> 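Sharing a structure with you now.
Atoms considered below: every heavy atom in the structure, side chains included; atoms not considered: hydrogens, waters and symmetry mates. These numbers were taken from a predicted model, which means no experiment stands behind them. Within every chain, numbering begins at 1; the chains are lettered A, B, ... in the order of the sequence lines, protein sequences first and strands thereafter.
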Number of protein chains: 2
Amino acid sequence: MAEVLGTFEQAVLLAIVHLGADAYGRAILHQVQTSLRRNISAGSVYTTLDRLEARALIASSLADGTPARGGRPRRYYKVAAEGVRALDEAHQIMTALWKSVKWPTNARKVAL
Amino acid sequence: MAEVLGTFEQAVLLAIVHLGADAYGRAILHQVQTSLRRNISAGSVYTTLDRLEARALIASSLADGTPARGGRPRRYYKVAAEGVRALDEAHQIMTALWKSVKWPTNARKVAL
DNA sequence: CGGCCATGTCTACATTGTAGGCATTGACAG
DNA sequence: CTGTCAATGCCTACAATGTAGACATGGCCG
């Protein structure tokens, strides 16, 4: 019943979009850590990827050739049409949510 | 370990900000339903309010006089300093998340 | 050969999301 | 006066999401 994508899910989805053709597990992990500015474990990302795929918001495929380095072949992800829709919906909701309130974007300019 | 406020939590917090002095349970419920554009149960809101208060992000106080209409006295909420900080942090993260990707805001202008 | 690195996967648990039912009590119809 | 209703807060329960950490695999380098 989770009508809307959660924050972490959005971060993962956006990481895939951001990485484009290079969107595989570990790269996504790094991208998410960067965008969220905090340490994330690999499992967190893979679990979320599994769930997003189960919901058909993303699709994955194993790399064909021998993986250049490392045992397991890389699994590449791409955002499905449904995923784009979900992302856009989440974006609209978040935007609308914040637009209705006057919020000084520079509130923490000194605090942090 | 939930480093960042969830979507629903943000909606509730922002509803309180939006309502100002009139921020009591049911009013918050209505505000959240409006901003999120979907039906929410009363319990959902109260549970979230409890949790936010437990984290000291908001504070509540029962209405003093006899409630004008209805059995239980209204409980009014206000966002605490920590809550403002958390909200602002969430806002920054969400903004940064989306800013890094070129996203056509009007993507669904036809679709929906 | 042996440890190291990159990569994906599994299990487990904490936190958040969300529904629906219940209790209380003034107002109002009959 | 009595029953129904509306407004309000609260409690329990469960589903979904967030998140960590251990583990398996197999090239690579010394």
Side-chain angles (χ1 to χ4, degrees), chain A residues 1-13 15 19 22-33 36 38-55 57-58 60-77 86 90 93 97, chain B residues 1-13 15 19 22-33 36 38-55 57-58 60-77 86 90 93 97:
Chain A
M1 280 53 178
E3 307 280 353
V4 186
L5 291 173
T7 306
F8 198 74
E9 293 174 318
Q10 288 178 52
V12 170
L13 251 351
L19 292 168
D22 298 321
Y24 68 98
R26 296 285 164 164
I28 295 172
L29 166 62
H30 294 144
Q31 178 58 34
V32 171
Q33 288 183 323
L36 250 35
R38 62 195 163 99
N39 205 294
I40 301 291
S41 75
S44 309
V45 171
Y46 282 106
T47 302
T48 300
L49 286 170
D50 284 349
R51 290 169 183 166
L52 290 174
E53 186 160 29
R55 286 206 266 163
L57 300 185
I58 60 177
S60 74
S61 57
L62 286 170
D64 39 280
T66 324
R69 181 187 180 80
R72 304 286 194 86
R74 284 178 175 168
R75 177 177 290 279
Y76 285 94
Y77 293 89
I93 288 180
L97 208 53
Chain B
M1 278 60 173
E3 307 280 351
V4 185
L5 291 173
T7 305
F8 197 74
E9 292 175 319
Q10 287 177 51
V12 170
L13 250 350
L19 292 168
D22 297 322
Y24 68 98
R26 297 285 165 165
I28 295 171
L29 166 63
H30 294 144
Q31 178 58 34
V32 170
Q33 288 183 324
L36 252 34
R38 62 198 164 98
N39 205 295
I40 302 291
S41 75
S44 308
V45 171
Y46 282 107
T47 302
T48 300
L49 285 170
D50 282 350
R51 291 169 182 166
L52 290 174
E53 185 160 30
R55 286 206 265 163
L57 300 185
I58 60 177
S60 74
S61 56
L62 286 169
D64 38 281
T66 324
R69 181 186 181 81
R72 304 284 196 88
R74 285 178 176 167
R75 178 177 290 278
Y76 287 95
Y77 293 89
I93 288 180
L97 209 52

> Quick one: CD on Glu53(A) to CZ on Arg75(A), what's the gap to the nearest 0.5 Å?
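So the gap between those two atoms works out to 6.5 Å.
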> Could you tell me how far apart Leu36(B) (CG) and dG17(C) (C1') are, to the nearest whole angstrom?
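Between C1' of dG17(C) and CG of Leu36(B): 11 Å.
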> Could you check how far CD1 of Ile40(B) sits from C1' of dG9(D), rounded to whole Å?
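For the pair Ile40(B) CD1 and dG9(D) C1', the rounded distance is 18 Å.
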> To the side chain of Arg26(B), which of dT8(D), dT7(C), dA19(C) is closest?
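Selected nucleotide (nearest to the side chain): dT8(D).
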> What's the separation between atom OG in Ser61(A) and atom OH in Tyr76(A), rounded to the nearest 0.5 Å?
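Rounded to the nearest 0.5 Å, the OG-OH separation comes to 9.0 Å.
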> Rounded to whole Å, how long is the line connecting atom NE2 of His30(B) with atom P of dA6(D)?
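My rounded result for the distance is 13 Å.
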> What about Arg72(A): does its side chain form a donor-acceptor pair under 3.5 Å with the base of dG26(D)?
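Looking at the base of dG26(D), it does not pair with any donor or acceptor on the side chain of Arg72(A) (distance under 3.5 Å).
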> Go through it in stages, so that I can follow the logic: the residues are Ile58(B) and Val12(B), the test is side chain to side chain contact (heavy atoms under 4.5 Å, CB included), and I'd like the CA-CA distance, side-chain angles, deciding distance and then a yes or no.
CA-CA 10 Å; Ile58(B) 60 177; Val12(B) 170; 5.9 Å; no
> Within this structure, what is the CD-to-P distance between Glu9(A) and dT16(C), rounded to whole angstrom?
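For the pair Glu9(A) CD and dT16(C) P, the rounded distance is 15 Å.
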> Which nucleotide in the set dT7(C), dG20(C), dT8(D) lies at the smallest distance from any side-chain heavy atom of Tyr24(A)?
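Among dT7(C), dG20(C), dT8(D), the one nearest the side chain of Tyr24(A) is dT7(C).
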> For the atom pair CD (Gln31(B)) and CG (Asp22(B)), what is the distance rounded to the nearest 0.5 Å?
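Between atom CD of Gln31(B) and atom CG of Asp22(B) there are 11.0 Å.
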> With a 4.0 Å heavy-atom cut-off, tell me which residues in residues 42-52 of chain B come close to DNA chain C, sorted by residue number.
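Only Gly43(B), Ser44(B), Thr47(B), Thr48(B), Arg51(B) qualify.
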> Can you tell me which residue among Ile28(A), Thr48(A), Leu52(A) is in a side-chain contact (heavy atoms from CB on, under 4.5 Å) with Leu13(A)?
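Going through Ile28(A), Thr48(A), Leu52(A) one by one, the side-chain contact (heavy atoms from CB on, under 4.5 Å) with Leu13(A) is satisfied by Leu52(A) alone.
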> Could you check how far CG of Asp22(B) sits from P of dT8(D), rounded to whole Å?
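Nearest whole value for this atom pair: 11 Å.
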> CZ of Phe8(A) versus P of dA14(C): gap in Å, rounded?
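Taking atom P of dA14(C) as the reference, CZ of Phe8(A) is at 18 Å.
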> Across the strands shown, which category fits Arg75(B) at heavy-atom distances under 4.0 angstrom: base, sugar-phosphate, nothing?
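Result for Arg75(B) = sugar-phosphate.
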> Starting at atom CD1 of Ile28(A), determine the distance to atom P of dA6(C), rounded to an integer number of angstrom.
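Going from Ile28(A) (CD1) to dA6(C) (P), I get 17 Å.
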> Going by the rule side-chain contact (heavy atoms from CB on, under 4.5 Å), which residues pair with Ile40(B) if we only count those two or more places apart in sequence or in a different chain?
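In terms of side-chain contact (heavy atoms from CB on, under 4.5 Å), with neighbours along the sequence ignored, Ile40(B) is linked to Phe8(B), Leu29(B), Val32(B), Gln33(B), Arg38(B), Ser44(B), Val45(B).
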> Roughly, in whole Å, what's the span from OH in Tyr76(B) to P in dC10(D)?
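Rounded to whole Å, this separation is 13 Å.
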> Between Arg74(B) and dT25(C), is there a side-chain N or O to OP1/OP2 distance below 4.0 Å?
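Looking at the OP1 and OP2 atoms of dT25(C), neither is under 4.0 Å from any side-chain N or O of Arg74(B).
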> Can you list everything that forms a ring-ring contact (aromatic ring centres under 6.0 Å, His included) with Tyr46(A)? Sequence neighbours excluded, please.
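None.
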> Is the phosphate of dA16(D), meaning OP1 or OP2, less than 4.0 Å from a side-chain N or O of Arg55(A)?
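Indeed not, no polar side-chain atom of Arg55(A) lies that close.
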